[in-house]
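Note on naming: letters A, B, ... go to the chains in the order of the sequence lines (proteins, then strands), and numbering restarts at 1 for each one.
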Number of protein chains: 2
Amino acid sequence: MPLTKKEIIELLKQEILSLKLKPGTILSETSLSERFGLSRTPIRDILKQLSLMGYIDIYPKKGNVVSYIDLESVEQITYLRSTLEKEILKELSPNIPLKGLHKLRYILDMQKDCIQKEESKEKKMEEFMALDDKFHKTLFVLAGRSFIWDLIQQFNVHYIRYRRLHALKEEKLAQLQREHEQILDCVVRGDKDKIDDMVYRHIRADINSSYLRENFMDYIKQ
Amino acid sequence: MPLTKKEIIELLKQEILSLKLKPGTILSETSLSERFGLSRTPIRDILKQLSLMGYIDIYPKKGNVVSYIDLESVEQITYLRSTLEKEILKELSPNIPLKGLHKLRYILDMQKDCIQKEESKEKKMEEFMALDDKFHKTLFVLAGRSFIWDLIQQFNVHYIRYRRLHALKEEKLAQLQREHEQILDCVVRGDKDKIDDMVYRHIRADINSSYLRENFMDYIKQ
DNA sequence: ACCATAAAACTTGTATACAAGATTGCGCTT
DNA sequence: AAGCGCAATCTTGTATACAAGTTTTATGGT
């Protein structure tokens, strides 16, 4: 059974976010037509949508390529996210719903387990990051802001790939998990002053790091 | 000379935002083809893009209509905007660049002039709102966050139309202008505590008002 | 007059032929 | 061997024919 357009979009998004499709990879209409057994018209719809969300760049009459990671976009999105997340956490603090708190703690325990697992670094990172998303999304949901979470996710290509690459670093996963625990503690204790600083550091930790430029230069814009 | 696709998109966006095209108006591919002298293919590209930004709703095999104002989207976007704007203003306070301050004051003076003008209510509102956008955008630019401003603008259809309709109310323009003055004063004085409250009230002022439901029911979703 | 049903006329979705710009590569000139 | 020019071959952009749903209309029966 052939895939629907929606499924193809999701598939391509996953391939781009997971870096199976590296930045710079050419996605020509004809090649995708053959791959998915569709004519160029619906494929063009798909490419158009991916381009509006920043997954690909369309060069008229030249071709389409998987977008390079735009560090400026990362900087701006992390500012947006940390600002919103600070506000949300302060709203949840200290009277966070008990059911939600349990869910968050459960996610953090699973992250801890994940780190201990005997798997490849890539697979562990993949699994950990899914839990990471779940953690942050849960916070937005608890605050009644899932709409905003979904909105941000739509144009999060650059930040997600950036974060995945940083997560390959030694000890990075453990650090992220620890920060989650600390943030949650602050929320429970109602220590609002500390929240600002912790969230800012957690989300924007590596924003001035040269790690990507040094190790993944060919993934980065310009 | 025929319009380019970009120009057509801008034109339709303006017509929708200004409510010349009322929510619910049917935008069929053939009618737009005839209007702009293009075949259905490029028109479909345009409609697709407008739909991804929330300007229209596409009902497969049925038709395309100008979207109704979604009050839930308005609520969420105002939260997003007020949260970010609070943060930005606190960053700018109290050492706002002098040149920027002059520009902001100039915009506010023009708003004051605008209110006094002898024009139709609609025309005045149009002009005032352009200045309003300029004011808020300038704040984002001064804080180095024009990227985020542009991002928000992309899916701002519902909020912009909502705000325009509210701006038709008696005394609303004067109120908005006054609030701008007060916010700017707080920034200059470095009165950060007050900023939070003022911005929140300024942007989310009418969020619980029934004005739209009572006077423009046929513009609203559901 | 009412209702059921079928056909006609709409809508958008897809495939495909052709247009037009961009790139590549080959052969010629120097 | 280096550089120029043109043609072949890529790419995406557009127009159009047809497919496949949805709505409307008309028609026939009761």
Side-chain angles (χ1 to χ4, degrees), chain A residues 1-13 15-16 20-68 70 155 157 218 221-222, chain B residues 1-13 15-16 20-68 70 155 157 218 221-222:
Chain A
M1 202 179 87
L3 295 164
T4 66
K5 273 161 83 170
K6 229 174 188 174
E7 289 168 334
I8 293 172
I9 289 176
E10 281 313 309
L11 180 57
L12 289 172
K13 277 165 76 171
E15 291 184 349
I16 291 171
K20 271 174 222 156
L21 287 174
K22 291 200 177 71
T25 304
I26 293 170
L27 293 179
S28 79
E29 295 177 0
T30 47
S31 69
L32 291 174
S33 287
E34 287 165 16
R35 174 172 173 194
F36 295 111
L38 285 171
S39 75
R40 278 178 56 219
T41 310
I43 294 293
R44 276 175 66 76
D45 285 353
I46 290 166
L47 288 170
K48 180 110 209 207
Q49 186 162 341
L50 290 175
S51 104
L52 285 172
M53 295 191 289
Y55 285 78
I56 65 170
D57 292 321
I58 295 178
Y59 298 97
K61 307 258 174 133
K62 286 190 205 164
N64 318 303
V65 300
V66 175
S67 67
Y68 289 89
D70 178 4
F155 40 84
V157 219
D218 51 334
K221 188 174 171 187
Q222 287 174 18
Chain B
M1 201 177 87
L3 294 163
T4 67
K5 272 162 80 169
K6 231 176 185 171
E7 288 167 335
I8 294 172
I9 288 175
E10 282 312 309
L11 181 57
L12 289 173
K13 277 165 75 171
E15 290 184 349
I16 291 171
K20 270 174 225 157
L21 287 174
K22 292 199 176 72
T25 304
I26 292 171
L27 293 180
S28 79
E29 295 177 359
T30 47
S31 68
L32 290 174
S33 287
E34 287 165 17
R35 173 172 175 196
F36 295 111
L38 285 170
S39 75
R40 279 178 54 218
T41 310
I43 294 293
R44 277 176 65 77
D45 286 354
I46 291 166
L47 289 171
K48 181 108 210 213
Q49 186 161 341
L50 290 175
S51 103
L52 285 171
M53 295 191 289
Y55 286 78
I56 65 170
D57 292 321
I58 294 178
Y59 298 97
K61 306 263 174 125
K62 287 189 206 166
N64 318 302
V65 299
V66 176
S67 67
Y68 289 88
D70 178 3
F155 40 84
V157 219
D218 51 332
K221 187 174 171 187
Q222 288 174 18

Rounding to an integer number of Å, can you tell me how far [X] [atom1] sits from [N] [atom2]?
| X | N | atom1 | atom2 | result |
| --- | --- | --- | --- | --- |
| A/Leu32 | C/dA15 | CG | P | 14 Å |
| B/Ile26 | D/dT24 | CD1 | C1' | 13 Å |
| B/Leu38 | C/dA19 | CG | P | 17 Å |
| B/Glu34 | D/dA15 | CD | C1' | 15 Å |

Using the side-chain heavy atoms of [X], tell me which of these nucleotides is nearest: [options].
| X | options | result |
| --- | --- | --- |
| B/Lys61 | D/dT12, D/dA20, D/dT16 | D/dA20 |
| A/Ile58 | C/dT14, D/dG13, C/dG13 | D/dG13 |
| B/Asn64 | C/dA20, C/dT12, D/dA15 | C/dT12 |
| A/Glu29 | D/dT12, D/dT16, C/dT11 | D/dT12 |

Check A/Asp45 with B/Arg44, please: is the shortest side-chain N to carboxylate O separation under 4.0 Å? yes
Heavy atoms, side chains only, cut-off 4.5 Å: are B/Ile46 and B/Leu32 in contact?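 Of all side-chain heavy-atom pairs linking B/Leu32 with B/Ile46, none is under 4.5 Å.
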Report yes if the side chains of A/Ile56 and A/Ile16 come closer than 4.5 Å at any heavy-atom pair, otherwise no. yes
Nucleic acid contacts of residues 40-53 of chain A, taken as heavy-atom distances under 4.0 Å to DNA chain D: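 Those residues whose heavy atoms fall under 4.0 Å from DNA chain D, taken from residues 40-53 of chain A in numerical order, are A/Arg40, A/Arg44.
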Taking all atoms of both residues into account, what is the closest heavy-atom pair of A/Ile58 and A/Ser51, and its distance? CD1-CB, 3.7 Å
Nearest heavy atom decides the nucleotide; on that basis, is B/Lys62 or A/Gly37 closer to the 5' end of DNA chain C? B/Lys62
In sequence, state the C-alpha distance, the side-chain angles, and the governing distance for B/Lys13 and B/Met53, and then conclude on side-chain contact (heavy atoms from CB on, under 4.5 Å). CA-CA 10 Å; B/Lys13 277 165 75 171; B/Met53 295 191 289; 4.0 Å; yes
Among B/Lys20, B/Arg35, B/Lys22, find the residue that satisfies the salt bridge (Lys or Arg N to Asp or Glu O under 4.0 Å) test when tested with B/Glu15. B/Arg35
